[in-house]
Amino acid sequence: MLYREAGQFKTSYEADQQIFPIAQDRIGILLLIGVFALVVPMIASEYWLKAIITPVLIFSLAALGLNILTGYAGQLSLGSAAFMAVGAFGAYNFILRIDGMPFILALILGGVCAALVGILFGLPSLRIKGFYLAVATLAAQFFIVWVLVKVEWFSNYSSSGVITAQDIVILGYTFASPESKYLLTLAIVVVMALLAKNMVRSTTGRMWMAVRDMDVAAEVIGIRLMRTKLLAFAVSSFYCGVAGALYAYAYIGTVEPEGFNLDLSFKILFMIIIGGVGSIMGSFLGAAFIVLLPIFLDNFVPVVLGDLVSASFVSNLQLIVFGGLIIFFLIVEPHGLARLWQIGKEKLRLWPFPH
Amino acid sequence: MKLKQTVVLGAAIAGMLGSAAAWSAEQFIGLPSYRVGPYGANGASLFGGWIDYMQMINERDGGVGGVKLVWEECETEYNNARGVECYERLKNKGETGNSAFQPVSTGITYSVIDKVAEDKIPLVTIGYGRTDAADGSVFPWVFPLVTTYWSQASTIVKYIGQKAGGMDKLKGKRIGLLYHDSAYGKESHAIMDALAAKHGFEVLKIAVAHPGNEQQAQWLQIRKERPDYVVLWGWGVMNSTAIKTAAKTGYKADNIVGVWWSGSEEDVIPAGNVAKGYTAAGFNVAGADYPVIKDIESNVYAKGHGNMEKKDLVGSVLYNRGVVHGIIMVEALRTAQAKFGEGKALTGEQVRWGFEHLNIDAARLKTLGAEGFLPDLKVTCSDHEGAGKVKFQTWDGAKWNVVTDWIEADREVVRPMIEASAAAYAKEKGITPRDCSKEM
């Protein structure tokens with residue numbers, strides 16, 4: 001009864017084309033952002049802020065980046081972690097080498113570096129598709145990490161190739177506490193998610209989807225394939241780059257290139273598959289699922305099994321349960337968690353009189 | 001009914017709290033462990049030994065100074081992000097928070113190195129981690145104890161010099177450095193270059209990507225370049241693969257010298273017969289004949305509390321290394337209790353003092369039943385390494401045989417490098433080093 005759009009009339013194009021056409025959705029999303037911005041920093045413990053919510057937000061951003069490329073533009077990529085690395089090392093070097101570099105600008109420039117590298121490794125997409133393209137982006141994954149290790153300039157000649165993120169200073173204020181780092185991450189993620197949502201609703205997004213659904217047809221109706229595909233690579237890598245920089249600055253603090261390995265790329269790919277390919281919301285749901293579930297199992301399984309079984313068995317069991325749950329979810333809802341949410345919403349609109 | 005359930009539940013919780021209070025105090029030790037993934041086999045032995053030793057202290061002595069040791073494992077999968085999560089999860093557990101964070105991973109060490117000073121938890125990295133943290137004036141909260149990678153590289157070169165018949169014989173020789181391509185592997189570069197310059201040999205650096213189960217190309221390069229010795233700087237599956245591939249390409253195991261993370265049963269047994277003659281460094285030795293291991297067997301395994309699934313690995317290199325971790329942790333607590341009083345849980349700051357004043361001399365080692373098991377150790381404010389000695393062991397196909405006495409690191413080369421690197425770090429981060437002459 002609560003979720004009903006009867007009586008909500010759209011009398012202008014603006015009203016008809018807004019992101020959330022239903023008033024309840026608008027209120028819901030504002031409430032959600034309000035809770036995350038105001039209530040969560042007050043009630044969440046340091047552990048939750050530092051080790052759970054902040055990384056979920058950062059991985060959501062990375063998943064969003066990959067979702068733009070894979071979900072909307074249909075270009076499979078296995079190099080997301082490498083683009084994150086470019087963003088992290090880019091931002092580090094901008095702050096290190098340019099005096100008085102503002103943090104936000106360094107973040108953007110880090111993203112721009114990632115976008116440029118992304119375009120470079122997106123070039124093969126003009127010739128090859130699908131799995132072959134995935135292999136080409138795999139090359140990006142290995143090559144970029146290798147370069148960051150090999151060329152010591154990137155890590156400022158540190159003896160082990162590890163960089164230590166500088167303090168985050170914006171307008172003289174140092175973001176040191178977990179709350180401030182979390183709020184900064186939240187603000188950046190909200191803005192970029194909004195941008196992404198608008199992008200996929202606009203001409204650009206429709207071009208991406210046309211290319212995804214049938215590139216020959218898209219070309220016939222006048223979409224320039226090269227521009228569209230490379231734009232998707234650039235935007236996607238930009239998002240991953242910013243996520244990488246946030247990963248270094250707002251989360252881990254000290255990163256080595258090896259941290260951005262293939263495993264992480266796979267993880268981001270799983271996030272969008274579980275969350276929902278071609279959905280902004282799915283990126284968030286998927287990131288939350290992939291980050292939180294192992295932590296939950298790590299806390300939960302030993303409590304249940306306790307001293308009954310050995311620690312190695314508990315560790316292996318977590319992996320088994322995690323894998324099993326992923327398979328279960330994909331069988332129950334192959335279109336991801338976002339699709340479940342969508343079905344729920346449709347049911348609510350008809351409730352209590354399904355026809 | 002509902003009320004009844006609540007009352008029962010409440011009583012149960014109260015009962016649990018009551019039984020916990022039966023011990024006057026508990027010292028919490030968080031263990032970020034890994035038992036799955038590419039390094040899982042190594043983790044199982046190491047953490048098994050460590051937990052068994054603490055269990056033994058609880059069973060035999062009733063804890064440390066009347067304080068029971070309690071611990072909790074947190075699976076990191078050797079992954080940095082998971083390691084940070086574990087660090088945050090464990091840091092406030094127990095009465096006084098985590099006593100010390102010991103990630104057993106150089107990557108995770110780097111990820112938390114800035115956080116420990118803020119949270120006042122000592123970061124103890126026994127035989128791994130950031131080498132220049134041995135300068136305690138810049139890194140008061142970090143303890144790369146027993147011996148660092150740089151010390152170790154210099155002892156390996158000393159050992160190779162011995163084998164070659166004197167350090168002067170190293171001139172013009174070529175030494176291959178087959179390293180794990182990560183922060184851990186790269187720790188070896190600067191020191192090997194410095195030693196090469198000192199002794200006049202040439203270093204051939206060859207990287208192996210994580211996890212290292214494919215090394216055909218690297219060993220073909222070694223076959224082509226024919227270095228006189230190969231230093232194996234690996235971990236986990238990379239080691240046995242290296243030994244096997246070496247044999248396949250015709251490189252003799254006698255000329256390969258491993259670091260301590262390349263010198264366990266887990267590395268040589270999978271390689272099979274070809275590992276015969278392979279030598280590796282170790283800051284602890286293998287064997288179950290030491291009194292400390294016997295104590296674990298009689299106090300822990302005899303009562304059915306042992307942590308090891310494969311009981312026959314008790315006394316293996318990595319198991320014994322876990323015991324070393326346990327010994328050092330317990331001795332640091334003992335040292336801190338001597339100053340701050342027994343019978344209560346110590347805070348991170350007090351435990352840090354304990355680590356900084358750790359003095360495990362030969363007599364103490366004998367009391368612990370660990371004579372010759374690990375080197376004697378004396379930590380000071382400026383020297384957070386404490387020993388810098390390793391022994392070398394050769395695998396004969398069935399067991400490790402110690403072939404040298406403790407070999408000391410080349411401190412003339414290592415210490416200035418540590419100080420220079422720490423000073424650079426202090427400058428980058430704006431740290432004013434402590435004046436160690438004023439520290440008590």
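If you're wondering where the values come from, they're calculated on a predicted model, not measured in any experiment. A, B, ... follow the sequence lines: proteins, then strands. Residue 1 opens every chain.
Between A/E256 and B/K186 there is no salt bridge, since none of the side-chain N atoms of the basic residue sits less than 4.0 Å from a carboxylate O of the acidic one.
Neither the backbone nor the side chain of A/Q166 comes within contact range of chain B; no heavy atom of the residue lies under 4.5 Å from a heavy atom of that chain. In this structure, no portion of A/V255 lies under 4.5 Å from any heavy atom of chain B. Contacts between A/A248 and chain B at a heavy-atom distance below 4.5 Å are absent for every atom of the residue. A/P294 touches chain B through backbone and side chain together, each having a heavy atom under 4.5 Å away.
In this structure, CD on B/E118 lies 9.5 Å from OG on A/S177, to the nearest 0.5 angstrom. Note: A/I295 CD1 to B/E85 CD = 4.0 Å, rounded to the nearest 0.5 Å. Taking CG of B/N80 as the reference point, atom CG of A/N261 lies at 8.5 Å (rounded to 0.5 Å). In this structure, CD1 on A/I252 lies 14.5 Å from OH on B/Y110, to the nearest 0.5 angstrom. Rounded to the nearest 0.5 Å, atoms OG1 (A/T164) and CZ (B/R130) are 6.0 Å apart. To the nearest 0.5 Å, atom CD of residue B/E75 and atom CG of residue A/L297 are 12.0 Å apart.
When side chains are defined from C-beta on, B/V36 does not count as touching A/Q318, because their heavy atoms never get closer than 4.5 Å.
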Intermediate values then yes/no, side chain to side chain contact (heavy atoms under 4.5 Å, CB included), B/E73 and A/V314: CA-CA 11 Å; B/E73 282 193 53; A/V314 168; over 6 Å; no
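Checking side-chain atoms of A/Y251 against main-chain N and O of B/V84 turns up no donor-acceptor pair under 3.5 Å.
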